[in-house]
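Notes follow once the structure below has been shown.
Residues: numbered from 1 along the sequence shown. Start at 1 and go down the list; that is how both ligands and their atoms are numbered.
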Amino acid sequence: MEPWKPYREFDTVLIVNFGGQYTHLISRRVREVNVYSEIIHYFNFTEDIVSEIKPKAIILSGGPASIYDPQSPKIGDWLLKLDIPILGICYGHQLIASMAGGRVDRGVGEYGKTKIRIVKNDDIFNGWDNEEFVWMSHKDYVAELPNNVEVLAVSLDSRYISAFRLKDKPIYGVQFHPEVIHTPKGRILIRNFILAIAKARSNWSPGNIVDRIIEDIKGAVGDEGKILCAVSGGIDSTTTALLIKKAVGDRLIAVFVNHGLLRENEVEDVLNVLKSLGINPIYIDASKQFLEALKGIKDCEEKRRIIGELFAKIFKDIALTTPNIKWLAQGTTYPDVIESGAIPGADKIKSHHNVAGLPQWLGLNVLEPLRYLYKDEVRAIAIALGIPEEWAYRHPFPGPGLAVRIIGEVTEEKLRIARKASYIIEDELKKSNYYRKIWQAFAVVGDDMWVGVKGDKRSVGYIVTIRIVESEDGMTADWSKIPYELLERISNRITSEISEISMVTLAISSKPPSTIEPC
Ligand code: XMP
């Protein structure tokens, strides 16, 4: 089969990934101005690829390396000869400076909110005042630039060059991060670069590609063979299944496996919603099997491995016993695709074992209709397809379910607590209209105990930790500053409605340095 076609019929911005933690944010900012973007790892970024993709603009991401380190990622001289607007961010900024003949040194650095001063007007700063706050995160800095490069902005004490451009070409470097929300006018700068300077047409929208996706599915699977699709009720797999249903009707074999690690009322809710969309999945209750296999297992990665393997075994059995299954459909989205080809040497934080990780030995062709899309774009497609809005905006839920929200061994008691407490959190967020502003909100329970007093009696109970985070893609996240009154209501309900709890705590670390799920 042909590789799934990207949407390059739309004007495309190519983002070169040097291993920065904000690369997806850059990409999402581009799509927010309705221009299609693709991320390419620096070692795949060649002159040939540029000729093939014909991007309207190129953005070089940040990254952890130092330009003067001989091992650091470099790009050939051809880059600055291109007639395509280029914007380098942080490491990208230093790379362009160095390629243009400048010098990069190690300094004391700038971190966090920093004020810069614009010293030369340029279209890229349209809409900016002379002095603005930006977000910095660097030690290395551009120490010297050749004559053919002009400085556009400096940090307030004039110590560092914050932005420059080549005099004869729209090739720019910015030391700060315009893609993060802490650079208040960052979005404007990215818009200026893409629309005004690179003149990309602003016509990309997920709603515009629904028909193309359905036609692509038909083209990929031809006239024969069934398509197995694991559905979890999550927005990615529901949308995938519905797109396939629209493309090939009853050739879709949807399967919903209950691993016993689902949320409160989830089985009934998922089955009802799928039915209302015309999808009747095969329902497999494997909860006993999963919980048995998880008995005594405390280690996070071990739990993930066991769950992943059991899933794969169940799907293999279905694939072997159902005649004529040729395809396995997965709701893989763009961050998964990029992360799975990640920069070599990058540390693996967690292995995301879920249906998107079904192994090759299933021997089926893989169909991933959402592989170039971000979650919010999948939501837009879901709504265009008639998936109820409330369902489309449900918080993401990890494949291994509550097993990654329970610290230590998964027991029936901890499962019950995690379920009930999470339900209370979600319920209160919905009632107070906070639910949609939040990326994920849930309860975590481990083995630690706290002494309580209930009805004048000593009672020793579990600690429940509330995790409520805001995020755009799950790659970075911040804890949500919801009102104290709301936290108080949640906490009171948890201790009064769940008798095993004697303390509620709140998780207030961002990602990084923490992660979203505890396990
Ligand atoms: P972390 O905890 O790594 O989570 O900050 C980032 C996002 O990924 C989700 N997550 C998973 N999703 N299978 C999944 O499908 C997994 O094994 C898994 N682990 C974490 C998490 O819910 C968050 O949205």
* To do: Can you sort out which atoms of ligand 1 are near Gly474, meaning under 4.0 Å from one of its heavy atoms?
  => 6 (C)
* Could you tell me whether Glu497 and Arg493 have a side-chain N and a carboxylate O separated by less than 4.0 Å? => yes
* With heavy atoms under 4.0 Å as the rule, classify the contact between Met475 and ligand 1 as side chain, backbone, both or neither. => neither
* Arg304: numbered ligand 1 atoms lying under 4.0 Å from its heavy atoms -> 16 (C), 17 (O), 18 (C), 19 (N)
* To do: Give the numbers and elements of all ligand 1 atoms closer than 4.0 Å to a heavy atom of Thr515.
  => 1 (P), 2 (O), 5 (O)
* State, without any angle test, whether Arg31 and Ser37 hold a side-chain donor-acceptor pair at a distance under 3.5 Å. => yes
* Ionic contact status for Asp478 with Lys481, cut-off 4.0 Å -> yes
* Which atoms of ligand 1 are found less than 4.0 Å from any heavy atom of Pro400? -> 13 (N), 16 (C), 17 (O)
* Asked: Can Glu266 and Arg394 be said to form a salt bridge (charged side-chain N to carboxylate O under 4.0 Å, His left out), step by step?
  -> CA-CA 12 Å; Glu266 191 146 28; Arg394 247 164 49 114; 3.1 Å; yes
* Structure fact -> Sorted by chain and residue number, the side chain to side chain donor-acceptor pair (under 3.5 Å) partners of Glu472 (sequence neighbours excluded) come out as Arg28, Arg29
* Asked: Is Ile516 in polar range of ligand 1, meaning some N or O pair under 3.5 Å apart?
  -> yes
* ligand 1 contact on Trp439 by region, counting heavy-atom pairs under 4.0 Å -> side chain
